[in-house]
There are 2 protein chains.
Amino acid sequence: MSSVSKALELLPLFTAARPEIGLSQLCRLAGRDKTTTYRHLQALESTFFVEQNPLTKAYRLGPALMHLASVREITVPRKAAAQAALARLAEQTGETAHVSVLSGETMYSLASCESPRHATRVIIDITVFPLHATASGIAALAFGPDRLFDAALANTQAFTEATPVTEAALRRFAQDARATGFGQSHKSYEDDVQSISAPVFDQTGLFAGAVSVAAVASRFSTQLASRIMTHLIEASRQITRSWGGTIPPHLENAWAQIVPDKAAVETPS
Amino acid sequence: MSSVSKALELLPLFTAARPEIGLSQLCRLAGRDKTTTYRHLQALESTFFVEQNPLTKAYRLGPALMHLASVREITVPRKAAAQAALARLAEQTGETAHVSVLSGETMYSLASCESPRHATRVIIDITVFPLHATASGIAALAFGPDRLFDAALANTQAFTEATPVTEAALRRFAQDARATGFGQSHKSYEDDVQSISAPVFDQTGLFAGAVSVAAVASRFSTQLASRIMTHLIEASRQITRSWGGTIPPHLENAWAQIVPDKAAVETPS
DNA sequence: CAACAGTGGTTCAATATATGAACCGATCGG
DNA sequence: CCGATCGGTTCATATATTGAACCACTGTTG
């Protein structure tokens, strides 16, 4: 692995829950030598990807990210478009809505929105969604490029008892998703979370990402699932439209069978 | 220079005006070998800092930046706080307002806001503000840590005929800024731009950044300068307050002498 | 107070890693 | 069909990265 990659892998260790990290702790988190980590941090600091809290000497993410993110958003204005749909989705379902994008062979978190309705909420604090264990990942397998299957099978960690780990199980999940138009994960990534996901497409006409609702398992019911699906269809159409894509006909057909009235009424403009 | 730094320096080459760059062009822009650049891009792509347009094979900034920027903004929520003040400042002055932050020994662009009032506007498209040639930089020299002077003198490129390049000239500019409470740069970075800048402070009590107004030179006048200064004082107070800092008394005194009525009336809460 | 465990940061020899000239196949325009 | 350009690859060279040991400092604890 290149030293560049190693240095860049330090950055996702900073999270909202752990925004400042000292040198020693960062070494432990990254599992690397102190000198190595220090040199990497120096390089990251010289380019403003991290900065040091002058009081505590701990490192935190730097100002360069703000500027680059704004350029990225101008280049590919997906986040802004998704966020409006997410807010509505969270409001309509009372659960946490989020959007992930496919980059290479990885589903990457783009934005999420929690509903304030309940005191218990699902917090999306991962940046990469495992393909085999999350609803977004299953949607990617079902509607994305075939090569994702190899990527998924290369890493089938069992997060819970319900995590599918065999190729047969994964193919069944993907097949279900293609038939229904929704990726689903029931307690397969975390024991308390059940998620449903719909694919989103961009101007290339290809699978670009997924919009999902992650519900606290104790609140989950067939009624809630049905409501989530109804609103996911709207959200997927909205985001797909704003990303310059269209919903493939076979997907509209699948949706029409699951939620006939809604799908029939709201045809994409 | 470390290869990590070299790879990271590729990222600022992507701008809103040039959002996608092919391998060869990127080599020319970075002034580096093709293999080197290619390997760096591979590392950046594997960590989602860039991605490839699947159609053109050109590279663009990647989705990881969005996530990291949101964590940065949660960690140090400066951008959101500054933007409200910038919008008002742009509105009040009819010119382009921007905020830069000090990270290490560099003034880094955080946010900017153009006024729609005039067809000619100053566009802030640089990410690093030269300490010796910009109003923000002069403010940093005047109100920031002393070590910035060495950093400024280490790189005194003459951007225009008016760029101060000698230590004596720089010290005079900084002295002026301390006396008046404003950093100023009159056509010293670009021939058509005159800027005035006020320092901003954070919870450490130290200089944290600068808020500036960059005016098209042909519109500049003493009346405009006076109006800009009045509104800069408000903006600096507002941003400083939201960043958890306070305006030092000596600065309030300097401002009170320049704009006596305004400074006397609006004392910081 | 003194020993200790923790921190951030530095040194230097060993070597793993980055580098760049040359090359390849594909594509484009004349 | 040619030359120019593109993205990407190969391989010997040599440069930049690495990690054990070390240093100075700080806060804790018996």
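A note on names: the letters A, B, ... follow the listed sequences, proteins ahead of strands, and every chain is numbered from 1.
Between F129(B) and H98(B), a ring centre-to-centre spacing shorter than 6.0 Å is recorded. Ring centers of F149(A) and H132(A): at least 6.0 Å apart, outside the cut-off. For an aromatic pair to be called close, the ring centres must be under 6.0 Å apart, and F207(A) with F143(A) fails this.
Two residues are said to be in side-chain contact when any heavy atoms from C-beta on lie closer than 4.5 Å; S112(A) and I123(A) fail this criterion. Proximity of I138(A) to F173(A): side-chain heavy atoms (C-beta onward) are separated by under 4.5 Å at one or more points.
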Could you write out each protein N or O paired with an N or O of nucleotides 14-18 of chain C at a distance under 3.5 Å?
unit_1, atom_1, unit_2, atom_2, d
dA18(C), OP1, S3(A), N, 2.7
dA18(C), OP1, S3(A), OG, 3.4

Set out, line by line, the N/O atom pairs under 3.5 Å between protein and nucleotides 2-8 of chain D.
unit_1, atom_1, unit_2, atom_2, d
dC6(D), OP1, R28(B), NH2, 3.4
dG7(D), OP1, L23(B), N, 2.9
dG7(D), OP2, S24(B), N, 2.7
dG7(D), OP2, S24(B), OG, 2.4
dG7(D), O6, K34(B), NZ, 3.4
dG8(D), OP1, Q52(B), NE2, 3.2
dG8(D), OP2, Y59(B), OH, 2.8
dG8(D), O6, K34(B), NZ, 2.2

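Listed by chain and residue number, nothing satisfies the salt bridge (Lys or Arg N to Asp or Glu O under 4.0 Å) test with R178(B) (two or more places apart in sequence, or in another chain). Evaluation of the side chain to side chain donor-acceptor pair (under 3.5 Å) rule for R18(A) yields no partner, not counting sequence neighbours. Applying the side chain to side chain donor-acceptor pair (under 3.5 Å) test to T160(B) and every residue at least two apart in sequence or in another chain returns T163(B).
The distance between atom CD of E20(A) and atom P of dG8(C), rounded to the nearest whole Å, is 12 Å. Distance CG (L10(A)) to P (dT17(D)): 14 Å, rounded to an integer number of Å. Rounded to whole Å, atom C1' of dT9(D) lies 12 Å from atom CG of D33(B). Summarising the geometry, the separation between CD on Q42(B) and C1' on dT19(C) is reported as 15 Å, rounded to the nearest angstrom.
An end-to-end axis angle of 40° holds for the helix from dC1(C)-dG30(D) to dG30(C)-dC1(D), taken from five base pairs per end and rounded to 10°.
By the 30° and 60° cut-offs, the orientation of the rings of F159(B) relative to Y189(B) is perpendicular.
The two residues E51(A) and P63(A) make their nearest non-hydrogen contact at OE1-CD, 3.6 Å.
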